[in-house]
Structures are given as C-alpha cells and as structure tokens.
Number of protein chains: 2
Amino acid sequence: MEATRAKLIKAARAAFADKGYAGASMDDLTAQAGLTRGALYHNFGDKRGLLAAVVNQIDEEMAHRAHTIAQGAGHDWECLVAEGAAYIEMALDPEIQRIVLLDGPAVLGDPSQWPSQNNCLAVTRTAIEGLIDKGLLKPVDAEASARLLSSAAFNAALWIAASDEREVLLPKAIAAFRALASGLLAEPEARSRDRR
Amino acid sequence: MEATRAKLIKAARAAFADKGYAGASMDDLTAQAGLTRGALYHNFGDKRGLLAAVVNQIDEEMAHRAHTIAQGAGHDWECLVAEGAAYIEMALDPEIQRIVLLDGPAVLGDPSQWPSQNNCLAVTRTAIEGLIDKGLLKPVDAEASARLLSSAAFNAALWIAASDEREVLLPKAIAAFRALASGLLAEPEARSRDRR
DNA sequence: AGGTTTTACATACGAAGCGTATGCGTTGTT
DNA sequence: AACAACGCATACGCTTCGTATGTAAAACCT
C-alpha cells in the first residue's frame with residue numbers, strides 16, 4: 001500500500017532528522033507510524049532503502065523550491081545566484097542538513113550516484129548550460145561547475161548552521177558565493193553586472 | 001602508552017577506510033592491533049573519540065601536504081589555485097574520502113567545529129587573507145570564501161572518485177575550480193568603473 | 001462462487017556490536 | 001615492602017539489525 005509507504009517515510013524523516021540515521025531505531029520509527037519492522041523490510045528492503053526514499057523525497061522538494069525561487073528572481077546570471085542563495089537558506093533547515101547533507105552521503109555514497117539522481121544538482125546544471133548557450137558564462141564544463149557551486153552552497157549552510165551567529169554569517173556566505181559564481185562569467189560586458 | 005594509541009589509530013585508519021565507520025567492528029579493529037576493546041575505551045573514550053583522533057591525524061597530514069605544494073607552485077593567486085587542485089587530488093584517495101569527507105561530517109558534525117579545528121580550512125583561509133591584504137582579491141570574507149572554496153574542491157573529488165572516468169573529469173574539475181576562484185580576484189578596471 | 005496463490009504485514013529468532021563494570025598485572029611512590 | 005595508580009583485558013547486559021516464519025486479506029483463475 002502506498003499509504004503505509006508514506007507513513008513510514010514521514011516517520012523516518014522525523015526520526016532521522018532528530019536522532020540521525022545511526023541513532024534512529026527501526027522499532028521506534030515503525031511504532032511511531034503505527035506499524036512494525038515487517039512493513040519496513042517489505043517496502044524498502046532495509047534501513048538504507050528507507051533512507052534513500054526519504055532523501056529522494058526531500059531532494060525533489062528542494063529542487064522544486066529552488067527552481068521556482070530562481071525563476072521568480074531576476075534573469076540569467078542573477079537567477080543562478082538566487083538559486084545558490086536559495087540552496088544556502090534551504091540547507092539551514094536541520095532536517096535537510098542532518099538527512100541530506102550529513103547522513104545521506106555517508107550512507108548512500110556520493111550524491112552524484114544516488115537513485116534520486118540528485119535533482120538539485122540537475123537544476124543547477126541545466127541553469128548553467130542555459131547561460132553558457134547564451135554566451136553569458138565562460139565555456140566551462142557545466143557538470144563540474146554545477147557540482148562545485150552547489151556543494152559550496154551546501155557546505156556554507158553547514159558552516160552557518162553550526163555557528164551561533166547565523167544572521168551575521170548568512171550574508172557573508174551569500175556574498176562569497178556571488179563572488180565565486182562571478183568567476184564563471186564570460187569576460188567583458190557581462191562582468192559589469194557583477195557589483196557588490 | 002603513546003605506542004598503543006598509535007597502533008590503535010593505525011588499525012582504525014585501515015578499518016574505517018575499508019569498512020566505513022559504521023561497518024568497522026571495534027573487536028576486529030583492536031584485535032588487528034594486537035589489543036582488545038579495553039585499550040580503546042581507556043584511550044579514546046568511545047568509537048567517536050577514535051574517529052576524531054583518526055580524522056585529526058589525516059587532516060594534519062593533508063594540511064601539511066597542501067601547504068608545501070602550494071608554496072612550491074607559483075605565487076599569490078596561482079598558489080591559491082594550486083592549493084585547491086592539491087585538495088582535489090588528495091581527496092581522490094579512498095581513505096581520505098571515506099573517513100574525512102563522508103563519515104567524518106556524519107559522525108562528528110560539521111568540520112568547522114571539529115576538535116582538529118580543521119587545519120585544511122585554516123591553511124586556505126590564511127592564504128586568502130594574505131591575498132586580500134595584498135589587494136589581489138576582492139575584500140570578501142576570508143572565512144566564508146575559504147569554506148566555499150575548500151568544500152567545492154572536496155566535493156569535486158567525491159564526484160570524480162565516484163565516476164569511472166577520473167582522468168577525464170579531473171582536469172575539468174580543476175578548470176572549473178580555477179574559474180570559480182577567479183571570481184575572487186580584484187578587478188581594478190571594473191571596480192574603478194563602478195565606483196561612485 | 002469457491003479454491004488457490006500472492007500480497008502485505010506482524011511476530012519470533014539469532015547474531016553482532018557497543019558501552020560499562022569488573023578483574024588483573026605492572027609500574028611508581030614513600 | 002606495602003599501597004596506590006595506571007594500563008589494559010575480560011565478562012556482562014542491552015540494544016539493534018536482518019531474516020525466517022506465520023497469518024489474514026486481497027487478487028486471481030476457472
């Protein structure tokens with residue numbers, strides 16, 4: 001049943017975010033959902049499979065939010081910067097940090113080979129490809145640039161969240177992100193757009 | 001005894017790199033070092049403490065290597081780029097990937113608050129601070145820029161290592177890294193044009 | 001519609017691992 | 001020489017995961 005899958009994923013999101021992947025007990029988790037471990041192993045195979053499902057769900061949500069935010073804010077390169085800033089701010093969510101940024105890579109391996117195919121990364125890559133086609137960016141490798149950019153954004157969020165002065169660090173991180181991203185800009189005329 | 005600590009750390013490096021943190025058994029690990037779990041809990045408190053010690057050791061080695069490589073290769077900004085490239089190449093080592101980049105953050109939390117204080121990051125930050133003082137870089141926040149830059153390098157390595165065409169991806173990643181880093185460069189003509 | 005298979009989940013079982021409490025030998029102290 | 005402290009080993013309990021088995025309902029076939 002699809003309903004039980006949803007209930008388990010919901011409970012897993014809460015448990016993984018609160019206790020971490022290793023600290024979350026399958027018994028407690030399933031009981032929270034009004035089920036037992038039997039349902040879990042039937043639907044997801046093992047604990048890793050459940051985490052993969054949870055990560056996939058969150059990743060899709062993030063990619064969707066980032067895409068809409070980026071579309072609503074500015075055009076072209078400003079759009080790319082807004083997307084990165086959106087990633088940074090989204091990654092301040094403890095749930096996203098713990099599940100997607102910390103436990104996800106450790107348990108499932110590098111995000112580039114996740115079953116979810118990492119939708120967030122795909123969004124950034126296509127955005128970069130579009131800007132390259134328009135001639136606004138240097139002819140860099142879109143995949144590589146997207147990876148570097150998104151990972152920079154996410155790790156910035158890790159750093160900010162671990163600190164106790166988030167309000168001070170967040171603008172600094174976004175400014176640094178903007179500076180780094182400006183390195184992708186094609187040389188002369190587009191650069192005038194990079195101020196601050 | 002310091003000798004037993006060294007033996008345990010050595011065995012732990014091998015075990016963590018091979019089986020991963022969660023998959024490494026303390027019994028097997030200590031037996032490999034000719035000891036038992038008693039020595040472990042006496043010297044390191046718990047499994048996390050052992051990982052922290054291992055991470056600290058590797059981090060110091062990496063920072064040392066990066067510093068010497070960067071000093072030997074070029075000056076000023078080229079030095080910074082060489083440092084980033086060195087991080088990327090070092091992070092292709094499976095031991096570093098598994099222990100420092102994957103399990104480390106998941107178990108110990110964000111690197112910025114590690115007991116080791118993350119020497120790698122410190123090296124990059126001081127390098128950036130020096131370049132800012134020379135006026136070669138924009139007056140960005142050194143801490144933020146260093147975090148974004150080093151995390152970008154490390155995640156690039158994760159991506160490359162997970163792929164099966166490392167020789168093709170490595171130059172692409174370094175090129176993209178150079179492009180991003182160039183965004184930190186001060187631009188006299190553009191800045192004078194924008195001054196108001 | 002009735003019997004059979006398959007599905008969806010619960011229950012029971014075994015094994016492994018971590019952390020702590022305790023024990024033992026050795027070294028240092030006075 | 002007796003006693004304390006230290007370093008490490010041994011023993012125990014508790015938790016947790018994965019699998020194997022059981023069961024009731026649904027789906028399927030004729």
Side-chain angles (χ1 to χ4, degrees), chain A residues 1-57 98-99 102-109 114-115, chain B residues 1-57 95 98-100 102-109 114-115:
Chain A
M1 208 61 136
E2 194 62 25
T4 59
R5 282 180 60 98
K7 283 197 292 185
L8 287 173
I9 290 180
K10 181 179 178 181
R13 279 181 72 149
F16 289 158
D18 186 36
K19 312 272 186 183
Y21 176 78
S25 165
M26 311 273 278
D27 283 316
D28 299 352
L29 190 156
T30 52
Q32 191 82 13
L35 297 164
T36 69
R37 290 214 323 270
L40 231 172
Y41 285 93
H42 185 73
N43 283 287
F44 299 99
D46 59 349
K47 198 178 183 180
R48 269 186 66 171
L50 179 61
L51 177 63
V54 170
V55 164
N56 183 38
Q57 187 183 78
R98 179 81 252 181
I99 298 179
L102 293 180
D103 287 332
V107 177
L108 304 175
W114 283 357
Chain B
M1 208 60 142
E2 194 61 27
T4 58
R5 281 179 61 96
K7 283 197 293 187
L8 286 174
I9 290 179
K10 181 179 178 181
R13 277 181 72 148
F16 288 157
D18 186 36
K19 312 276 186 179
Y21 175 79
S25 164
M26 310 274 278
D27 283 316
D28 299 352
L29 189 156
T30 51
Q32 190 83 12
L35 296 164
T36 69
R37 290 216 322 273
L40 231 173
Y41 284 92
H42 186 71
N43 283 287
F44 298 100
D46 60 349
K47 198 179 183 181
R48 269 186 67 171
L50 179 61
L51 178 65
V54 170
V55 164
N56 184 38
Q57 188 184 77
E95 185 184 47
R98 180 81 252 181
I99 299 179
V100 179
L102 293 181
D103 288 331
V107 177
L108 304 175
W114 284 357

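Numbers restart at 1 for each chain; the letters A, B, ... are given by sequence-line order, proteins then strands.
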> Considering all heavy atoms of both residues, which atom of A:Arg37 and which atom of A:Thr30 are nearest to each other, and what is their separation?
Replying inline: N-OG1, 3.7 Å
>> Suppose we screen for side-chain contact (heavy atoms from CB on, under 4.5 Å). Which residues come up paired with B:Val55, at least two apart in sequence or across chains?
In response: B:Leu51, B:Ile99, B:Leu108, B:Trp114
>> Going by side chain to side chain contact (heavy atoms under 4.5 Å, CB included), B:Arg13 matches just one of B:Leu8, B:Val54, B:Asp18. Which one?
In response: B:Val54
> With side chains defined as the heavy atoms from C-beta onward, is the minimum distance between B:Phe16 and B:Leu29 less than 4.5 Å?
Replying inline: yes
>> I'd like the 5' and 3' limits of the part of DNA chain C contacted by chain A, with heavy-atom contacts below 4.0 Å.
In response: C:dA8 to C:dA12
> To the nearest angstrom, how far is B:Lys7 atom NZ from D:dC8 atom C1'?
Replying inline: 11 Å
> Which heavy atom of B:Lys47 sits nearest a heavy atom of B:Ala24, and at what distance?
Replying inline: NZ-O, 3.1 Å
>> So if I apply the side chain to side chain contact (heavy atoms under 4.5 Å, CB included) rule between A:Arg5 and each of A:Leu50, A:Asn43, A:Leu40, which one comes out positive?
In response: A:Asn43
Listing time: all N or O pairs from protein to nucleotides 9-16 of chain D that are below 3.5 Å?
from, atom 1, to, atom 2, distance (Å)
D:dA9, OP2, B:Thr36, N, 3.0
D:dA9, OP2, B:Thr36, OG1, 2.8
D:dA9, O5', B:Thr36, OG1, 3.3

>> If I compare all heavy atoms of B:Leu102 with all of B:Pro105, which pair ends up nearest, and what's the gap?
In response: O-CD, 3.6 Å
>> For a quick test of reading the model: is some side-chain N or O of B:His42 closer than 4.0 Å to OP1 or OP2 of D:dC8?
In response: no
>> Using 0.5 Å steps for rounding, measure from the CG atom of B:Asp103 to the CG atom of A:Asp103.
In response: 10.0 Å
> Can you check the B:Met1 CE to D:dA5 C1' distance for me, whole Å?
Replying inline: 15 Å
